Amino acid sequence: MIWGILLLIAALAYGIWLFNRLVHDRNTVLAAWSDIDVQLKRRHDLIPKLVDAVKAYASYEQATLTQVTELRVAAEVVSGPGATAKAEAALNNALMKIFALGEAYPDLKANTQFLDLQNEISDVEGYIQYARRYYNGAVKALNVRVESFPSNLVAGLFRFRQAEYFDWPSGEGRS
């Protein structure tokens with residue numbers, strides 16, 4: 001009888017420990033996603049300044065500048081890793097077009113504001129990469145715990161779900 005009670009207490013304690021680990025892992029994923037959001041906001045805040053810097057030198061490229069502005073707005077309203085990755089990939093491609101304008105307009109390439117903004121965006125993209133790796137590591141830890149026995153029993157009981165990985169657009173950043 002006493003062994004049964006001790007076994008029940010041990011199982012209950014282990015279940016509580018598993019639940020707390022799942023909560024910890026879920027909160028780590030949420031905090032890591034928040035870090036990505038902060039860096040994406042920093043990147044989005046730099047884009048209007050970049051567009052303004054380019055306008056003065058590349059007035060014939062209005063369609064490219066408008067596209068970047070529209071894609072920035074679209075990227076700010078999406079949520080979740082999958083939708084964010086798609087929106088950021090489109091924005092990234094449009095930004096590459098703007099940076100390529102530096103080659104077509106030598107005066108723009110020599111403009112210190114343009115170069116500074118290009119460097120700032122590149123730095124932010126490095127921070128995004130760091131935050132993405134941390135986030136994806138946190139997602140992996142949560143997903144393994146949600147799928148593994150016996151923690152999957154506790155996860156199912158309390159409706160813990162797997163998190164979605166965040167894939168940053170390929171060809172990211174410039175050297």
Side-chain angles (χ1 to χ4, degrees), residues 22-144 146 160-175:
L22 286 161
V23 169
H24 174 271
D25 290 347
R26 181 182 59 199
N27 288 337
T28 300
V29 167
L30 293 173
W33 183 252
S34 177
D35 292 345
I36 289 173
D37 256 355
V38 166
Q39 296 305 324
L40 290 175
K41 174 86 171 105
R42 284 182 59 205
R43 183 177 185 238
H44 295 162
D45 289 347
L46 292 171
I47 291 172
K49 296 175 188 173
L50 182 68
V51 168
D52 288 342
V54 172
K55 274 183 187 176
Y57 293 92
S59 59
Y60 298 108
E61 305 292 342
Q62 191 59 41
T64 302
L65 300 176
T66 301
Q67 179 189 27
V68 168
T69 302
E70 290 170 354
L71 290 170
R72 173 189 170 258
V73 170
E76 288 181 325
V77 297
V78 298
S79 64
T84 299
K86 279 184 175 181
E88 291 298 328
L91 180 57
N92 205 49
N93 289 335
L95 280 174
M96 292 301 116
K97 291 178 187 174
I98 283 190
F99 293 131
L101 290 176
E103 300 300 321
Y105 296 90
D107 288 345
L108 176 61
K109 190 175 183 176
N111 180 291
T112 57
Q113 182 185 13
F114 175 77
L115 294 174
D116 289 346
L117 287 167
Q118 188 176 13
N119 288 333
E120 277 187 70
I121 289 173
S122 195
D123 289 346
V124 169
E125 287 173 355
Y127 294 132
I128 293 169
Q129 284 302 320
Y130 176 77
R132 182 187 66 87
R133 284 191 298 272
Y134 181 75
Y135 170 81
N136 284 340
V139 166
K140 180 181 177 188
L142 174 65
N143 289 352
V144 165
V146 167
F160 284 88
R161 300 287 175 246
Q162 290 186 354
E164 185 178 359
Y165 288 97
F166 180 58
D167 294 318
W168 185 246
S170 61
E172 69 255 11
R174 290 146 312 281
S175 299

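The chain is numbered in sequence order, starting from 1. From a predicted model like this one, the values you see are computed outputs, not experimental measurements.
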In Å, rounded to the nearest 0.5 Å, how long is the span from CG of Asp35 to OH of Tyr134? 7.5 Å
Mind checking side chain to side chain donor-acceptor pair (under 3.5 Å) for Asn111 and listing every partner two or more places apart, or none if nothing turns up? Tyr57
Partner set under side chain to side chain donor-acceptor pair (under 3.5 Å) for Gln162, not counting sequence neighbours: Glu147
Can you name the salt bridge (Lys or Arg N to Asp or Glu O under 4.0 Å) partners of Lys86, sequence neighbours left out? none
Take Asn143 and Asp25 through the side-chain contact (heavy atoms from CB on, under 4.5 Å) test and state the conclusion after the steps. CA-CA 9 Å; Asn143 289 352; Asp25 290 347; over 6 Å; no
For residues Leu117 and Ala53, report the shortest heavy-atom separation together with the two atoms involved. CD1-CB, 4.2 Å
How about Tyr127: does its OH atom have over 12 heavy atoms from other parts shown lying under 6.0 Å from it? no
Apply ring-ring contact (aromatic ring centres under 6.0 Å, His included) to Tyr135 and list each qualifying residue two or more places apart in sequence or on a separate chain. Trp33
When you measure from the side chain of Thr28 to the backbone N and O of His24, does any donor-acceptor pair fall under 3.5 Å? yes
What is the minimum heavy-atom distance between Ala163 and Leu142, and which atoms define it? CB-CD2, 4.0 Å
Might you point out which heavy atoms bring Phe114 and Leu108 nearest each other, and give the distance in Å? CD2-O, 3.5 Å
Partners passing side chain to side chain donor-acceptor pair (under 3.5 Å) against Glu120 (at least two apart in sequence or in another chain): none
Is it the case that the side chain of Thr69 and the backbone of Leu65 share a donor-acceptor pair, with hydrogens and angles ignored and the cut-off at 3.5 Å? yes
For Tyr165, I'd like to know if atom OH has over 12 heavy atoms of other residues, nucleotides or ligands within 6.0 Å. yes
CG (Leu91) and CD (Glu70) are apart, to the nearest 0.5 Å, by 12.0 Å
Donor-acceptor contact present, side-chain Asn136 to main-chain Phe166, <3.5 Å: yes
Reported CD-to-CG distance for the pair Gln113 and Leu50, which is rounded to 0.5 angstrom: 8.5 Å
Could you list the donor-acceptor pairs under 3.5 angstrom formed between side-chain atoms of residues 40-49 and any protein atom two or more places apart in sequence or on another chain?
residue: Lys41; atom: NZ; partner: Asp45; partner atom: OD1; Å: 3.0
residue: Arg42; atom: NH1; partner: Gln39; partner atom: OE1; Å: 2.9
residue: Arg43; atom: NE; partner: Glu125; partner atom: OE2; Å: 3.3
residue: Arg43; atom: NH1; partner: Glu88; partner atom: OE1; Å: 2.4
residue: Arg43; atom: NH2; partner: Asn92; partner atom: OD1; Å: 2.8
residue: Arg43; atom: NH2; partner: Glu125; partner atom: OE2; Å: 3.3
residue: His44; atom: ND1; partner: Leu40; partner atom: O; Å: 3.4
residue: His44; atom: NE2; partner: Glu88; partner atom: OE2; Å: 2.7

Which distance, rounded to the nearest 0.5 Å, do you find between the CG of Asn27 and the CG of Leu22? 11.0 Å
Between Ala94 and Leu71 the two heavy atoms that sit nearest each other are CB-CD1, 3.6 Å
At their closest point, which heavy atom of Ser79 faces which heavy atom of Thr84, and how far apart are they? C-OG1, 4.0 Å
How close do Asp167 and Ala85 get, heavy atom to heavy atom, and via which atoms? O-CB, 3.1 Å
